[in-house]
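Reviewing the structure listed below.
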Amino acid sequence: MNIRTLLSQYVSHAMQAAGIPAECPPIIAPSKKAGFGDYQANGAMGAAKAMKAKPRDIAQQIVEQLGSNDDFNQMVSNIDIAGPGFINITLAPEWLSNEISAINQDTNLGIHTDTTETIVVDYSSPNLAKEMHVGHLRSTIIGDAIVRTLEFQGHQVIRQNHVGDWGTQFGMLIAELEEQLQEGESASLALKDLESFYQSSKKHFDESESFADKARDYVVKLQSGDESVLALWQQFREVSLTHSQEIYDALNVTLTPNDIYGESAYNQDLAPLVEELKQQGLATEDQGAQVVFLEEMADKDGNPSPVIIQKQGGGFLYATTDLASLRYRSNTLNADRILYFIDARQSLHMQQVFTVARKAKFVKENVSLEHHAFGTMMGNDGKPFKTRTGGTVKLADLLVEATERAQKLVADKNPELSPSECAEIARKVGIGAVKYADLSKTRTNDYVFNWETMLSFEGNTAPYLQYAYTRIKSIFRKAAEQTSIDVHTLSSSISLQETAELALAIKTLQFSEVIEQTSREAYPHLLCTYLYDLAGIFMRFYEQCPILKEGVSSDTQKSRLQLSLAVANTLHTGLSLLGIETMEKM
RNA sequence: GCGCCCGUAGCUCAGCUGGAUAGAGCAUCCGCCUUCUAAGCGGACGGUCAGAGGUUCGAAUCCUCUCGGGCGCGCCA
């Protein structure tokens with residue numbers, strides 16, 4: 001059930017019945033101010049313009065038509081016209097009560113999608129040559145939040161972790177690994193610190209001519225399938241993937257080894273793909289390289305935009321691999337939508353690859369190709385986020401620090417918790433805070449990373465939402481103790497009277513609208529804003545509408561408990577879609 | 001030079017297909033715990049929506065220009 005969709009349908013029908021052209025949209029939106037009803041229909045003004053009539057007259061006709069719709073009348077308790085032609089709609093308390101009861105009976109909170117799609121999502125995609133750092137955080141957690149949301153809606157989601165496990169740098173890394181193995185190291189020990197391993201191999205490469213020659217030789221052997229080199233590569237890859245998986249597990253990200261489909265997977269496709277582009281006349285030789293020139297992306301002077309798909313000397317580039325992956329995802333995985341969560345700096349590249357893929361018919365015509373870009377993670381100084389010494393911040397270190405900081409705060413706020421409870425809560429709070437701080441900002445902007453605001457745990461933060469949830473759970477425990485009420489089995493009728501109750505019910509029922517918009521636009525911050533609003537409205541309800549205190553009638557208790565249950569389920573589900581865990585106490 | 005993104009309160013950010021008096025949090029100040037967890041609630045203070053034109057019943061939102069900041073632009077990914 002989606003209030004906005006329902007009202008759009010009703011008002012749309014009414015408009016057509018009033019003789020308004022079908023092109024005129026009803027424009028339904030939640031009202032921003034108290035006194036303007038719960039929802040407003042703003043379509044009368046536009047319709048009046050198209051029909052050269054007076055807006056208020058049009059609004060009046062729409063309202064009259066709505067009056068003959070029984071379903072609408074059941075849903076709405078009041079409707080009036082204001083200002084130049086706004087139609088303000090107040091929802092009926094009885095209808096809201098029934099809907100709250102309905103979502104309490106539904107494990108999916110009333111969210112059911114009629115047309116499900118196959119959606120391929122490319123996210124995280126770290127380079128295996130190095131350890132995961134903060135630069136990978138945004139793609140990983142934003143992508144994961146959208147994946148979870150799409151799956152919740154019932155779509156078939158195929159995760160694609162397009163890891164960087166191929167290319168020239170691996171010759172160097174394999175040569176280094178071979179040397180260290182000969183010195184008696186085990187692979188996992190040599191690669192314990194990937195970052196310093198990379199540094200030492202780079203140093204080796206720069207300083208030793210013979211080592212550099214060997215590294216270059218290994219690149220060739222690797223690509224031609226030499227068994228011993230391939231075996232070394234395999235070892236390196238395994239250890240690095242284990243590192244990544246540890247991060248995913250710590251971050252509560254749903255990626256698993258099954259989702260790995262890296263650059264190396266397309267190795268055999270690259271030469272034929274270039275050949276095909278040549279045969280189609282799209283790729284031409286230019287300065288020894290194979291280049292596709294895109295007239296549709298030409299600059300002002302008409303110079304076409306060049307995309308190099310094969311280097312002088314025969315090597316392939318990431319544009320080639322990305323084209324191969326697009327073809328695979330469209331034709332083999334049968335995607336309806338293909339989503340990429342990649343840094344905004346690659347916007348031009350993505351646009352080029354999409355354009356080439358369409359021209360070459362590597363993807364089906366109706367597949368939706370979407371680059372969902374995001375900005376850079378900045379430090380307090382407004383420059384890209386680095387350690388004090390200027391190095392990249394490892395994700396592993398970041399997560400440890402978040403948990404430690406949370407541990408201190410949790411122990412301080414609630415000394416009565418046992419050490420194990422405290423540790424578990426600190427983990428969920430710390431990791432949740434890091435993720436939420438990122439997810440709650442519009443992803444297209446750069447994002448300023450700040451421990452203080454993130455872990456202050458006040459305002460629009462994960463702990464605020466988690467706290468709201470624990471408050472509700474605490475009431476439920478108390479209800480069971482004091483009155484033997486099991487909230488989950490209540491089925492008595494809900495009665496909404498207080499302003500705080502009505503506001504809370506409406507906000508709770510708007511969950512499906514937000515889910516729909518979040519997955520369509522791939523903006524997790526919409527869900528965050530919603531959950532923060534919901535938690536805030538609950539906090540006000542909590543202050544104003546006592547449940548288990550003296551003098552509250554049994555009927556009111558049961559009614560408010562059921563409303564609280566709907567809120568708790570919504571908070572829990574919403575946070576879990578963001579990949580943030582909840583707890584019973586904090 | 002060309003292209004993309006951004007500019008909203010002291011700070012960090014919302015503002016949904018153009019809608020009514022531009023909203024939160026932090027910070028500052030003032031209230032509220034013998035009553036369901038005060039990691040909370042209420043109130044005050046705080047804005048030429050970078051600037052200038054334009055489109056119209058109506059613009060933070062759309063168009064043009066200017067200023068300021070970030071990023072990208074054929075053989076790294």
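Chain letters run A, B, ... following the sequence lines, proteins first and then strands; every chain starts at 1. Because only heavy atoms are used, hydrogens play no part in the values below, and waters and symmetry mates are left out as well, while side chains stay in.
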Under 4.0 angstrom, heavy atoms only, what part of the nucleic acid is A/Leu317 near: base, sugar-phosphate, or nothing? sugar-phosphate
Mind checking A/Phe538 for me? I need base, sugar-phosphate or nothing, with any heavy atom below 4.0 Å counting as a touch. nothing
Counting the atoms with a prime plus P, OP1 and OP2 as sugar-phosphate, which does A/Lys549 contact under 4.0 Å by heavy atoms, base, sugar-phosphate, or nothing? base
When all nucleic acid strands are considered with a 4.0 Å heavy-atom cut-off, which category describes A/Cys545: base, sugar-phosphate, or nothing? base
Side chain A/Asn88 and base B/A20 donor-acceptor under 3.5 Å: yes
For atom P, what is the distance between B/A50 and B/C16, given to the nearest Å? 14 Å
Does A/Thr442 reach a base, just sugar-phosphate, or nothing at all? Heavy atoms under 4.0 Å. sugar-phosphate
Of A/Ile27 and A/Trp166, whose nearest nucleotide on RNA chain B comes first from the 5' end? A/Ile27
Separation of B/C4 atom P from A/Gln346 atom CD, nearest Å, is 18 Å
Is A/Tyr532 touching bases, backbone alone, or none of the nucleic acid, heavy atoms closer than 4.0 Å? sugar-phosphate
How would you label the contact of A/Arg4 with the nucleic acid (heavy atoms, under 4.0 Å): base, sugar-phosphate, or nothing? base
Could one point to a donor on the side chain of A/Arg477 or the base of B/C36 with an acceptor on the other under 3.5 Å away? no
If I pick the P atom on B/U8 and the same atom on B/A52, what distance separates them, to the nearest angstrom? 16 Å
Using OP1 and OP2 only, check whether a side-chain N or O of A/Lys478 sits under 4.0 Å from B/U37. yes
If I pick the C1' atom on B/G40 and the same atom on B/G25, what distance separates them, to the nearest angstrom? 14 Å
chi for B/C67 classified (syn = within 90 degrees of 0, anti otherwise) as anti
Write down the partner of B/C62 under the Watson-Crick or G-U wobble criteria, each distance required to be under 3.5 Å. B/G54
Could you check which nucleotide pairs with B/U34 in any of the strands shown, counting Watson-Crick or G-U wobble with both distances under 3.5 Å? none
On RNA chain B, check which nucleotide each of A/Arg345 and A/Ile425 is closest to and give me the residue with the more 5' one. A/Ile425
For B/U37, take OP1 and OP2 only and decide whether either is under 4.0 Å from a side-chain N or O of A/Ser474. yes
For A/Arg471 and B/C36, is the shortest distance between a side-chain N/O and OP1 or OP2 below 4.0 Å? no
C1' atoms of B/G46 and B/U55, separation to the nearest Å: 33 Å
Whole Å only: how far is the CZ atom of A/Phe449 from the P atom of B/U12? 16 Å
Under 4.0 Å, counting only non-hydrogen atoms across every strand here, what does A/Ala82 touch: a base, just sugar-phosphate, or nothing? base
Nearest-angstrom distance from the residue atom CD of A/Gln351 to P of B/C73: 14 Å
NZ or CZ of A/Lys130 within 45° of A/Tyr198 ring axis and under 6.0 Å: yes
Atom pair CG (A/Asp555) and NZ (A/Lys558), whose distance is rounded to the nearest 0.5 Å: 6.5 Å
Counting the atoms with a prime plus P, OP1 and OP2 as sugar-phosphate, which does A/Glu458 contact under 4.0 Å by heavy atoms, base, sugar-phosphate, or nothing? sugar-phosphate
Base, sugar-phosphate, or nothing: which does A/Ala289 touch, judged by heavy atoms less than 4.0 Å apart? base
Given B/U37, B/C57, B/C13, identify the nucleotide with an atom nearest to the side chain of A/Lys441. B/C13
Of all the nucleotides listed (B/G19, B/A14, B/G15), which has the minimum atom distance to the side chain of A/Pro84? B/G19
With heavy atoms under 4.0 Å as the rule, sort A/Gln482 into base, sugar-phosphate or nothing. nothing
Can you tell me how far C1' in B/U21 sits from the matching atom in B/G47, rounded to whole Å? 14 Å
Distance between the C1' atoms of B/C62 and B/C49, in whole angstroms? 16 Å
So what does A/Thr453 touch, heavy atoms closer than 4.0 Å: a base, only the sugar-phosphate, or nothing? nothing
What do you reckon, are the aromatic ring centroids of A/Tyr469 and A/His572 less than 6.0 Å apart? yes
Which one is paired to B/C67, where only Watson-Crick or G-U wobble pairs with both distances under 3.5 angstrom count? B/G7
Tell me whether the ring of A/Tyr464 lies stacked over the B/A39 base, given a 5.5 Å limit on centroids and a 30° limit on the plane angle. no
Looking at A/His525, I'd like to know whether one of its side-chain N or O atoms comes within less than 4.0 Å of OP1 or OP2 on B/C16. no
Around A/Lys359, counting heavy atoms of other residues, nucleotides and ligands shown, do more than 12 lie under 6.0 Å from its NZ? yes
Does the structure show A/Phe86 stacking with B/A20, if we require the centres to be closer than 5.5 Å and the planes to be within less than 30 degrees of parallel? yes
Against the side chain of A/Lys585, the closest entry in B/C36, B/U37, B/C76 is B/U37
Quick one: is the NZ or CZ of A/Arg471 closer than 6.0 Å to the six-membered ring centre of A/Phe538, and within 45° of its axis? no
Just so I know, are the side chains of A/Thr392 and A/Glu131 near enough to count as touching, which here means a heavy-atom distance under 4.5 Å? no
Rounded distance (Å) that lies between atom P of B/C76 and atom CE of A/Met172: 15 Å
B/A77 base to A/Tyr318 side chain: any donor-acceptor pair below 3.5 Å? yes
Take the protein atom CD of A/Gln544 and the nucleotide atom C1' of B/U35, then report the distance between them rounded to whole Å. 16 Å
Nearest to the side chain of A/Lys413, which nucleotide is it out of B/A14, B/A38, B/A39? B/A39
Specify the separation, in whole Å, of atom CG of A/Asn303 and atom C1' of B/C73. 12 Å
Taking 4.0 Å as the cut-off, does a side-chain nitrogen or oxygen of A/Lys473 come that near to OP1 or OP2 on B/U37? no
Which pair of non-hydrogen atoms, one from A/Glu521 and one from A/Leu526, has the smallest distance, and what is that distance? OE1-CD1, 3.9 Å
Between A/Phe36 and A/Phe86, ring centroids under 6.0 Å: no
Which one is paired to B/C73, where only Watson-Crick or G-U wobble pairs with both distances under 3.5 angstrom count? B/G1
Whole Å only: how far is the CG atom of A/Leu531 from the C1' atom of B/A14? 14 Å
Counting the atoms with a prime plus P, OP1 and OP2 as sugar-phosphate, which does A/Lys49 contact under 4.0 Å by heavy atoms, base, sugar-phosphate, or nothing? sugar-phosphate
Can you identify which nucleotide, out of B/U37, B/G42, B/A77, has its nearest atom closest to the A/Arg540 side chain? B/G42
Using a heavy-atom cut-off of under 4.0 Å over every strand shown, decide if A/Leu465 touches base, sugar-phosphate, or nothing. nothing
Please state the P separation for the pair B/G68 and B/G23 - nearest whole angstrom. 32 Å
Is it the case that A/Ser325 and A/Gln160 place a side-chain donor and acceptor less than 3.5 Å from each other? no
How many whole angstroms separate atom CG of A/Asp299 from atom C1' of B/C4? 14 Å
Roughly how far apart, to the nearest Å, are B/A9 and B/G18 at atom P? 24 Å
Would you mind pulling out the nucleotide paired to B/G47, Watson-Crick or G-U wobble, both distances under 3.5 Å? none
Measure from the ring center of A/Tyr266 to the ring center of A/Tyr261 and say whether it is less than 6.0 Å. yes
